[in-house]
Amino acid sequence: MSGPAPTPTPAPTPLPPPPAARPARYDFLNSKPPPNYVAGLGRGATGFTTRSDIGPARAAPDLPDRSASAAAAPAVGRGRGKPPGEDDGDDEGGDEEKGYDENQKFDEFEGNDAGLFSNADYDDDDREADAVWESIDQRMDSRRKDRREARLKQEIEKYRASNPKITEQFADLKRKLADLSAQEWESIPEIGDYSLRNKKKRFESFVPVPDTLLEKARQEQEHVTALDPKSRAAGGTETPWAQTPVTDLTAVGEGRGTVLSLKLDRLSDSVSGLTVVDPKGYLTDLKSMKITSDAEISDIKKARLLLKSVTQTNPKHPPGWIAAARLEEIAGKLQAARQLIQRGCEECPKNEDVWLEACRLASPDEAKAVIARGVMSIPNSVKLWLQAAKLETSDLNKSRVLRKGLEHIPDSVRLWKAVVELANEEDARLLLHRAVECCPLHVELWLALARLETYDQARKVLNKAREKLPKEPAIWITAAKLEEANENTQSVNKVIERGIRSLQREGMDIDREVWLKEAEAAERAGSVLTCQTIVKNTIGIGVDDEDRKRTWVADAEECKKRGSIETARAIYAHALTVFLTKKSIWLKAAQLEKSHGTRESLDALLKKAVNYNPRAEVLWLMAAKEKWLAGDVPAARAILQEAYAAIPNSEEIWLAAFKLEFENNEPERARMLLAKARERGGTERVWMKSAIVERELGNLGEERRLLEEGLKLFPSFFKLWLMLGQMEDRIGRGAKAKEVYENGLKHCPSCIPLWLSLASLEEKISGLSKSRAVLTMARKKNPATPELWLAAIRAELRHGNKKEADALLAKALQECPTSGILWAAAIEMAPRPQRKGKSTDAIKRCDHDPHVLATVAKLFWLDRKVDKARSWLNRAVTLAPDIGDFWALYYKFELQHGNADTQKDVLKRCIAAEPKHGEKWQAITKAVENSHLSVEALLKKAVLVIDVEENANPVGALDS
């Protein structure tokens, strides 16, 4: 670089023209510098480059020229970003010398170099180069075109899917309009204004009309032919405004009487011809009549106009006349309805519906005449003949009408049935003989005739019916019932077998479901043998061999639910002939006999069961128990002896034999049986029962020995530990009992009854603090156990620590939020005003828990809401029939608020349920003195225990 270049100055904002007094600028400032001139070189200035020499980083704004002369100068060296006709430089030749415009727009791609070659010639090489680059750009653009267009199309579709136009939303409905017929198009109702702002509530007043208004209306309808004297005085041109009409009250009263009589006449002239007016309460009837609103009147008028158009344009259309008549009937114009339907009968004399409607609308005196004209017009109408018979009052006249109809329509089954129903047995038989000749293909007539005939004649009738109707199974079933009714039991099976073969030859498909329904129908008709035969011959049709057992058992259960016991018994009997060794089918059949059969049938079934299944101990036990319940102890003992021989090592049979002897006060025999069982390697249950026998006999030493030997063999059986500890506690050896419980917990740390027994013993011996520590340890080892929490709460309550008990209860409900016994305790502990809220919370958390239900029942009981209390107690015993506490509570409730029938019902249900559990119930049943008591005696003892607790008013009980 030879020297510093002159720094260009940015063009300022254009100024207004200088005033005339200002001196002119020097000419050299606007002239072209001499060649090779470098500004500042003479004074030793060094050249340098600034940002203004390089160009701005961004496109500079277009600035106007600083002088008018510059604007008038030709555009030389115009850059790419500068519009033609503008010059941004200071001097005319500056841009030509530099070759570019300093203030041109910045090009993002080429920078400021675009103006360097703006003055160069555009030759063929430049044109060829541009063409090459253009082709390259087109080639690159075509490669991305498909993807770009696809992406653009996808974006457009996505946008249109998320922002659809209204026309697009209704496009499918608009397309369906193409299939709309002209009639459907015309039937589209006109849209109305349903906005609430245009609907003003109309005031409807039902106040009686005043007499003055009636008189005014009468005067308005009068035709006056003479002038009033006052009007004549005024020349007849004025109406005196002060004239007051005189009200004729007598005329008003007569008018009201006329209106009332018309209403009464309309009521008495009803369709049936009988008055519906109560002589004593007709005013009440009038008051209860429907008052037709203005809207309904308008609708009736529109409908009347429409139906009038229908009947005029197409008078041969019967529904139009019927609809018009019914509209007038609804509007209360019965006479107009009769006239319309009469015209309809004249226009459509061959339509039976019009005649039936005319008969319905006519008065009783005219109805017969109307229906007579109808049957004359349409003599082959069954409906008209039946209606004509219905209008008659005596059976003789009805029969005459029906027989007259049969003369015109001899093949009408409905008429034959109607006339047979009115005849006596002899006439019915004659009529049915004629009916089967006229209608030979109707099976009901044949079957009705067979039922009326004697045995021999009925067989002939059924044989003829089979010839006429070879594909009708009802004929064969009726024949089987006939044979059974005449005690031809051998023929029943033959008839059903022949019938099935005959139907199969005729190509009929034997549907087992249909035939099973026929078997149930035969059972309901009393034909048990026919029912059994049908089941035997059809139960296996269409059933695969591997599905037979499941399908037959399901069929029997469904029949049992529907009350078809004989059908279910027949299904089980057939299944047992196929599956002789299936224990489950024998059990279900035995349950059916136990529920709906006799003791003899049950014994016979169980004998067959143990013969075919000698290794099924449950069948032996059921047979022995049934004999025991029947009071035949020797027979039960014999059955168990047979069971010994069949299953010598069965523990269940040993224990059943022990129970039989023990419950019948034979402790020595029971002891011998258990000794043999122990010798043969009995399980822990045998040792426990042995200890129970010794406790019953009062042999403490033998009881202790058996329990200790049993614990050596079965240390993890917690019941032996419990029995040993209870025995020590019973004889007053508390320290020894504590040691037993602690040893038991070492072997059974998760046994809750052991923890509870130890806590109770510690409370009795050492006090609350020791018991509290035991229960805390138990809860740590067995978290989320409601029984442990409840024991701790009750221990605190027994010692009067109500706040501590409430705190424990809150923690317990947090750890066990769905525990019924804890929620029941919460309800009992809550103050009386808060019990209802607690009950609601408990029901929300555990709706079907019997403890909660029983506690809520107690609340209803205390509030004297007897029906609700009974309902909730019934729910509790239904959900948990094995808990005796609920039965005791229920029985106590019925003793107070029930009668003898309800008390017997509860007692009967409790005996059938045989409860085994319950806090109070187990304490009573496990007592030595109660070991042989019946369920009824135990229930009454439990009621006494509840009475004692309520009288003592223990802490936590519901008080009244």
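All heavy atoms count here, side chains included; hydrogens, waters and symmetry mates do not.
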Quick one: do [X] and [Y] make a salt bridge, cutoff under 4.0 Å?
{"X": "D806", "Y": "K802", "result": "yes"}
{"X": "R704", "Y": "E694", "result": "no"}
{"X": "K712", "Y": "E708", "result": "no"}
{"X": "E936", "Y": "K940", "result": "yes"}
{"X": "E684", "Y": "K719", "result": "no"}
{"X": "E929", "Y": "K941", "result": "no"}
{"X": "K838", "Y": "E828", "result": "no"}

Polar side-chain atom of [X] near backbone of [Y] as donor-acceptor pair, under 3.5 Å:
{"X": "R733", "Y": "E728", "answer": "no"}
{"X": "S595", "Y": "L592", "answer": "no"}
{"X": "Q922", "Y": "H917", "answer": "no"}
{"X": "S839", "Y": "R835", "answer": "yes"}
{"X": "N782", "Y": "P749", "answer": "yes"}
{"X": "W887", "Y": "P881", "answer": "yes"}

Inter- and intrachain pairs under ring pair (Phe, Tyr, Trp, His ring centres under 6.0 Å), touching residues 830-851, at least two apart: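 Listed by first then second residue: H851-F886.
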Test: ring pair (Phe, Tyr, Trp, His ring centres under 6.0 Å). Region: residues 743-775. Which pairs qualify, not counting sequence neighbours? W721-H747
Decide yes or no for [X] and [Y]: does some side-chain heavy atom of the first lie under 4.5 Å from some side-chain heavy atom of the second?
{"X": "E652", "Y": "R685", "answer": "yes"}
{"X": "L587", "Y": "M622", "answer": "yes"}
{"X": "W586", "Y": "K608", "answer": "yes"}
{"X": "K920", "Y": "E949", "answer": "yes"}
{"X": "S584", "Y": "K549", "answer": "yes"}
{"X": "I843", "Y": "W823", "answer": "no"}
{"X": "M727", "Y": "R695", "answer": "no"}
{"X": "K659", "Y": "K689", "answer": "no"}

Any chance you could lay out the salt bridge (Lys or Arg N to Asp or Glu O under 4.0 Å) test for R705 and E709, step after step, and finish with the verdict? CA-CA 6 Å; R705 185 186 66 81; E709 290 182 5; 2.7 Å; yes
Could you tell me whether the side chains of T902 and N899 share a donor-acceptor contact shorter than 3.5 Å?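 Short answer, yes.
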List the steps and the verdict of side chain to side chain contact (heavy atoms under 4.5 Å, CB included) for I827 and K858. CA-CA 10 Å; I827 296 172; K858 289 181 188 178; over 6 Å; no
Mind checking the [atom1]-[atom2] spacing from [X] to [Y]? Nearest 0.5 Å is all I need.
{"X": "Y891", "Y": "L873", "atom1": "OH", "atom2": "CG", "value": "14.5 Å"}
{"X": "L933", "Y": "L939", "atom1": "CG", "atom2": "CG", "value": "12.0 Å"}
{"X": "L711", "Y": "N743", "atom1": "CG", "atom2": "CG", "value": "9.5 Å"}
{"X": "D847", "Y": "L853", "atom1": "CG", "atom2": "CG", "value": "7.0 Å"}
{"X": "I793", "Y": "L788", "atom1": "CD1", "atom2": "CG", "value": "11.0 Å"}
{"X": "L655", "Y": "L640", "atom1": "CG", "atom2": "CG", "value": "11.0 Å"}

To check you understand the geometry: which heavy-atom pair defines the closest contact between [X] and [Y], and what is its length?
{"X": "I821", "Y": "D849", "answer": "N-OD1, 4.4 Å"}
{"X": "L790", "Y": "A825", "answer": "CD1-CB, 3.7 Å"}
{"X": "E626", "Y": "R599", "answer": "O-NH1, 3.7 Å"}
{"X": "A590", "Y": "L602", "answer": "O-CD1, 3.4 Å"}
{"X": "L606", "Y": "L619", "answer": "CD2-O, 4.4 Å"}
{"X": "W921", "Y": "V935", "answer": "CH2-O, 4.1 Å"}

When you look at F893 and V906, which way does the side chain to side chain contact (heavy atoms under 4.5 Å, CB included) test go after all the steps? CA-CA 10 Å; F893 171 81; V906 172; over 6 Å; no
Sort and list the pairs that fulfil side chain to side chain donor-acceptor pair (under 3.5 Å) and have at least one residue in residues 761-773, not counting sequence neighbours.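 Qualifying pairs, neighbours excluded: D729-K764, K738-E762, E762-S766, E763-R798, R772-E796.
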Tell me, which pairs form a side chain to side chain donor-acceptor pair (under 3.5 Å) where one or both residues lie in residues 612-624, sequence neighbours left out? E617-S650
Side chain to side chain contact (heavy atoms under 4.5 Å, CB included) assessment of L706 paired with R678: CA-CA 10 Å; L706 287 172; R678 293 197 303 274; 3.9 Å; yes
Decide yes or no on side chain to side chain contact (heavy atoms under 4.5 Å, CB included) for R671 and L697, but give the supporting numbers first. CA-CA 10 Å; R671 179 189 287 177; L697 297 175; 2.6 Å; yes
Distance to the ring centre below 6.0 angstrom and angle to the axis at most 45 degrees; does that hold for R779 and W789?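 Flagged: R779 positioned over aromatic ring of W789.
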Can you pull out every salt bridge (charged side-chain N to carboxylate O under 4.0 Å, His left out) where at least one residue sits in residues 628-647? Sequence neighbours excluded, please.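 Qualifying pairs, neighbours excluded: R637-E661.
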Pairs meeting criterion salt bridge (charged side-chain N to carboxylate O under 4.0 Å, His left out) with involvement of residues 885-902, two or more places apart: R870-E894, K892-D947, K892-E950
